[in-house]
Engineer: 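First the structure, then my questions, so here it is.
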Amino acid sequence: MRLEDIARKGGGDLVRADSPDGPGEAFSQAAASVGLAVLGTDTRYLFADAVYCRIAGEVRAGLEGRAVSPRAELSVGPAQFLAAALADGHSRVHVTSVSRCTWHRLTIRGEVAGLVGLLVETTSPAARPQAADLAERIGTTLDEVTTCQEVVSYLSTGLADAVAVDLLPEEPPAMGGPGLRRAAVAGRAELLPPYPPRAVLRGRLALDERHLALSLTVDDRVLGALLLVRADGIFSDRDVLIAQSAARRAAVAIEHARTFGQAQRTAVELQRALLTDPGLPHPNLQLATRYLPAGGGDLVGGDWFETVRLHFGRTLLVIGDVMGHGVEAAVDMNSYRAALRDVAAADLPPHRVLRRLDRDISDVATRRSATCLLVRVDPARMLAAFSSAGHLPPVVFGHDGVAQVIPVPVGPPLGTGVGGYDITSHSFEPGDTLLMFTDGLVERRGEDIDASLDRLARVRPDPGGTLDGLVDEVLTELDAAHAEDDVALMAVRIRRKQAPDDQ
């Protein structure tokens, strides 16, 4: 029979197949559905009928030429299984708790042409809710602890009296360091052995009358072990198949969780490295800064602050916010900081610094735009000059604790190339505190920005308190720990007794 003829015929109305419990059981269309698939010599689909696709979970549209999907592999066998049947010509049978798939090698005129598979549904859909839920119950998150809890919960319901997952560390432990750890337990914990058999940690299965242990393996790497215990009775072949299917899915989910966790840790380390502390101002200024990632998490975005020492005891204070979040925003933020240091070295007025910075940044097409506020503080004259590129205005807390929003002319964000920045000045009194911040501190969804700034201006910190105390009080009063965006702020106070000028 030619390959094309097999593909056209599809599945028959009545077949005989061996059940998982023994040979000789007849399966009709009423008792069990039978699907047919034909694979080429590359183990990609040439044909699959609707019944096969339903049982295996394949999407029939555009199937020809596709490889067997990971979901279908659970029902019909993994890629290595199919390749072995194709290579040596020996038929292979892949059995699960709900199906049985038999693969035969096909030849045409003595040449290997591919594989034909018969997929038999051995239980009705109504009788298999637990097996059908396997894909939905295990690996629902990118968290390995949750995955371990899901697999023990699933297997302890009707299959075993006690279930545990033991995990090996991601990195080999140092001499004397912690090794295998029990990540999750369900059922009667007293029935469980303290450790899995050593053979299981080498990738083998261990089974006796009441104990079943399987390795959690991905690409021949053992991540840990799955332990099942029964108080009475033995594990059947079907029980073993269910446990193996759960172990495979759990191992893949744990590996994905670890890969995701490593990528996240790498991103955090990179972003933290980019968000370095600001430079030290002249000794005649006190400085306090804070950075809170959105939602109290670890990921850093594009908020930043900086100080640059100028001549005659003056200091340039900078706070900015690059559009967006994550590594890309952090990288652009670092570019803005570097560019600003270069421009500020010329000791230009703040509005001219913004003009130069906007021109230089806008020449890089891939750079994200950013808001920025510059304040040049002259402690000797108790005077500050302000210029803004789309940033929120600062607030000054007077020596009596009353806050005042400083009206600063607002130009376009940096990176647009539009320019047009103005300058304004404000005189300080002894004991005044300047607070510069990003929008995450005050903005709330559905609230007008003027109302947000008024809420900040109503904060009444202790006039005799420390600078750090004032910053912490502001963060608490505005519930910054639950802000929807990153929060960066910088508070500055002119020292009552000036230090000698640092020329």
Side-chain angles (χ1 to χ4, degrees), residues 264 267-268 271-272 274-278 281 285-307 317-327 329-330 332-333 336-337 370-375 386 388-398 401-406 408 410 413 432-493:
Q264 192 174 43
V268 170
Q271 292 171 311
R272 288 295 186 191
L274 292 175
L275 188 72
T276 55
D277 291 333
L285 292 182
Q286 291 178 278
L287 180 71
T289 61
R290 298 289 190 277
Y291 191 102
L292 281 71
D298 291 326
L299 294 180
V300 179
D303 293 19
W304 55 290
F305 33 60
E306 185 61 274
T307 69
L317 308 174
V318 186
I319 193 161
D321 184 359
V322 178
M323 304 301 180
H325 295 86
V327 175
D332 282 349
M333 170 268 291
Y336 273 100
R337 292 183 70 172
T371 66
C372 187
L373 173 66
L374 301 187
V375 182
F386 301 81
S388 173
H391 204 85
L392 291 176
V395 169
V396 172
F397 290 96
V402 177
Q404 174 189 359
V405 178
I406 305 300
V408 179
V410 180
D432 286 355
T433 301
L434 172 68
L435 185 70
M436 304 163 65
F437 50 88
T438 56
D439 53 12
L441 177 67
V442 295
E443 284 188 351
R444 298 295 180 264
R445 189 174 301 177
E447 182 180 70
D448 184 78
I449 189 59
D450 290 332
S452 302
L453 291 172
D454 287 343
R455 185 156 37 81
L456 172 60
R458 290 195 298 270
V459 177
R460 294 290 183 267
D462 178 9
T466 65
L467 196 59
D468 283 311
L470 181 148
V471 169
D472 291 337
E473 188 172 348
V474 168
L475 292 173
T476 300
E477 289 292 327
L478 272 65
D479 194 23
H482 299 97
E484 297 177 357
D485 199 359
D486 296 347
V487 176
L489 72 164
M490 179 163 56
V492 178
R493 184 179 291 168

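When reading the values below, keep in mind they use all heavy atoms of this one structure, side chains included, and skip hydrogens, waters and symmetry mates.
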Engineer: Report yes if some heavy atom in the side chain of L453 is under 4.5 Å from a heavy atom in the side chain of P393; otherwise report no.
Structural biologist: yes

Engineer: Measure across V375 and F386 and return the closest heavy-atom pair with its distance rounded to 0.1 Å.
Structural biologist: CG2-CD2, 3.4 Å

Engineer: Side chains of E443 and D485, heavy atoms from C-beta outward: is any pair under 4.5 Å?
Structural biologist: no

Engineer: So, using side chain to side chain donor-acceptor pair (under 3.5 Å) as the criterion, who are the partners of D479 when residues are at least two apart?
Structural biologist: H482

Engineer: Which pair of heavy atoms, one from A483 and one from G440, lies closest together, and at what distance?
Structural biologist: CB-O, 3.4 Å

Engineer: Decide side-chain contact (heavy atoms from CB on, under 4.5 Å) for L373 and L317; before the verdict, give the C-alpha distance in whole Å, the side-chain angles of both, and the deciding distance to 0.1 Å.
Structural biologist: CA-CA 8 Å; L373 173 66; L317 308 174; over 6 Å; no

Engineer: Side chains of V318 and Y336, heavy atoms from C-beta outward: is any pair under 4.5 Å?
Structural biologist: no

Engineer: Enter the distance from T433:OG1 to Q286:CD here, rounded to the nearest 0.5 Å.
Structural biologist: 8.0 Å

Engineer: Test F437 against L456 for side-chain contact (heavy atoms from CB on, under 4.5 Å), laying out the working first.
Structural biologist: CA-CA 11 Å; F437 50 88; L456 172 60; 3.5 Å; yes

Engineer: Give the minimum heavy-atom separation between G398 and D432, together with the two atoms involved.
Structural biologist: CA-OD1, 3.3 Å

Engineer: Decide yes or no on side-chain contact (heavy atoms from CB on, under 4.5 Å) for T307 and V492, but give the supporting numbers first.
Structural biologist: CA-CA 11 Å; T307 69; V492 178; over 6 Å; no

Engineer: Is there a side-chain contact between R493 and L285 (heavy atoms, below 4.5 Å)?
Structural biologist: no

Engineer: Taking the side chain as everything from C-beta on, heavy atoms only, tell me whether D486 gets closer than 4.5 Å to Y291.
Structural biologist: yes

Engineer: Does some side-chain heavy atom of L475 sit less than 4.5 Å from a side-chain heavy atom of L441?
Structural biologist: yes

Engineer: Which residues pass the side chain to side chain donor-acceptor pair (under 3.5 Å) test with E447, not counting sequence neighbours?
Structural biologist: S452, R455

Engineer: Sequence neighbours left out, what passes side chain to side chain contact (heavy atoms under 4.5 Å, CB included) with V410? Give chain and number order.
Structural biologist: S388

Engineer: Which pair of non-hydrogen atoms, one from D321 and one from W304, has the smallest distance, and what is that distance?
Structural biologist: N-NE1, 3.7 Å

Engineer: Give the minimum heavy-atom separation between R444 and L478, together with the two atoms involved.
Structural biologist: NH2-O, 2.6 Å

Engineer: Which heavy atom of A457 sits nearest to which heavy atom of V405, and what is that distance?
Structural biologist: CB-CG2, 4.3 Å

Engineer: List for me each residue that meets side chain to side chain contact (heavy atoms under 4.5 Å, CB included) alongside D468, sequence neighbours excluded, and say none if there are none.
Structural biologist: A288, R290, T466

Engineer: Report the residues that fulfil side chain to side chain contact (heavy atoms under 4.5 Å, CB included) with P461, sequence neighbours left out, ordered by chain and then residue number.
Structural biologist: F397, V459, L470, E473

Engineer: Report the distance from atom CG of L434 to atom CD1 of I406, rounding to the nearest 0.5 Å.
Structural biologist: 7.5 Å

Engineer: Hey, could you give me the CD/OG1 distance between E306 and T289, rounded to the nearest 0.5 Å?
Structural biologist: 10.5 Å

Engineer: Could you check whether D303 and T438, counting side-chain N and O atoms only, form a donor-acceptor pair closer than 3.5 Å?
Structural biologist: yes

Engineer: According to side chain to side chain donor-acceptor pair (under 3.5 Å), who are the partners of T371, at least two apart in sequence or on a separate chain?
Structural biologist: H391

